[in-house]
Structures are given as structure tokens and as C-alpha cells.
Amino acid sequence: MANENLALNEVYSIEATSEADTFVLSVNLTDIHGDTYDCEYVSRPDDGFGLNPAIRQWLTDNPEFPIVPYAAPTDEEIRASMPSLTARQLRLGLVSGGFIPAQVSAVIEGMQEGAEKEAARIEWEYATTFNRMHPLIASVGGALGLTDEQIDVLWTAALGL
């Protein structure tokens, strides 16, 4: 197969398991037209037919199976998939990054009076978890002079706190 960076169409599923150094690739698919594909490839390390070759072999044996070129996730998609932080992790992450929680409070206090400021204050003071894609994160991060990439680095570091 010329292009090994292929992703299977999302309406399908392939399951692979490993038991006692034996790889089993079970393919049980039903496409959008109702056609069903059932197949199983078994390989062992000593036969040189590993799991990735089993997938390539199955695709070779089923040329009608629709595939789409692999598309790397966008920065937004990566950020959306980042785990949430607890309030503790977020605050400790800020401190580790050279910021203090009072700086965040000052940014919020500097916002224009109104519902948005009150909502930001409530989020900062009472939220128990924080989502990377929440608008408050980008807003406060920008006010602190951080780029999205710098926020990502701080966020990832805070996950381990």
C-alpha cells in the first residue's frame, strides 16, 4: 500500500487484541449501505506478520473499503481534547509558571462592569474544574501576555500537579 498514513472512515470500526504474544485483528464492519465485512487475521511475532501488516493486508484484501487520508488534528481540536484541570491544579500551574492567582483576580477586576465580569468572577472564585477551551482561559491568558501555545504548555504541566 503506497500511503501508510490512512485512517478508516469513522462509520467503521476495527478491533485489535493481543493475547499471549499473538495478535488478533478482528474486523466486523457494517458500512452505510448495510454491507457487512467480517474477517480475522491472526499473527504471532515469530511469523513476522505483525499487527500493522495485518491491517494493511486486510485493506489490500478489501479494496472497496473506503478510506480517507489521515488529517492531523488542528490546534483547536487538540486543545478541546485536553483534560480539565482542578482549581488546585490551575492555581498551582499558574504559580509554577511565574504568575500568582491575584494577577488573575486583577485581570477580572479590570473587566468592564456587567454580566460578563460577574460570570468571570464567579468562574474564578467558585469553579472546581476548568476546561481548556473556556473563554475565560483565553481571555485571562491573553491579558497576562500569554499566547495559546504558552497556555497549552502551562496547562499540560499543571496536569501533573
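Just so it is clear, the structure is predicted and the values come from calculations on it, not from any experiment. Start at 1 with the first residue, then count along the sequence.
For the atom pair CZ (Arg132) and CG (Leu90), the distance works out to 11.0 Å, reported to the nearest 0.5 Å. Considering CG of Leu85 and OG1 of Thr129, their distance stands at 9.0 Å, rounded to 0.5 Å. Separation of atoms CZ (Phe130) and OG (Ser84) is listed at 10.5 Å; rounding is to 0.5 Å. The distance from the OG1 atom of Thr86 to the CZ atom of Arg88 is 6.0 Å, given to the nearest 0.5 Å. Separation of atoms CD (Glu116) and CE (Met111) is listed at 4.5 Å; rounding is to 0.5 Å. In this structure, the separation between CG on Asn131 and CD1 on Ile137 is 8.0 Å, given to the nearest 0.5 Å.
Heavy atoms only, all atoms of each residue included: Ala143 and Val107 are closest at CB-CG1, 3.5 Å. The heavy-atom pair separating Asp75 from Glu149 by the smallest distance is OD2-OE2, 4.4 Å. Residues Leu161 and Gly93 approach most closely at CD1-N, 3.5 Å, considering heavy atoms.
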Checking side-chain contact (heavy atoms from CB on, under 4.5 Å) for the pair Val104/Leu94: CA distance, chi angles, key distance, verdict?
-> CA-CA 9 Å; Val104 175; Leu94 286 167; 3.7 Å; yes

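With hydrogens and angles disregarded, no donor-acceptor distance shorter than 3.5 Å links the side chain of Ser139 to the backbone of Pro135. Checked by atom type and distance alone, the side chain of Trp155 pairs as donor or acceptor with a backbone atom of Pro83 at under 3.5 Å. Between the side chain of Thr156 and the backbone N or O of Val153, no donor-acceptor pair lies under 3.5 Å.
With sequence neighbours excluded, the residues that form a side chain to side chain contact (heavy atoms under 4.5 Å, CB included) with Glu76 are Thr74, Arg79, Met133. Residues meeting the side chain to side chain contact (heavy atoms under 4.5 Å, CB included) test with Leu154, sequence neighbours left out: Phe99, Leu146.
Two residues are said to be in side-chain contact when any heavy atoms from C-beta on lie closer than 4.5 Å; Val140 and Leu144 meet this criterion. Within the 4.5 Å cutoff, side-chain heavy atoms of His134 are placed close to those of Glu123.
Following chains of ILVMFWY side-chain contacts shorter than 4.5 Å, one can reach Leu136 starting from Met82, so the two form part of one hydrophobic cluster.
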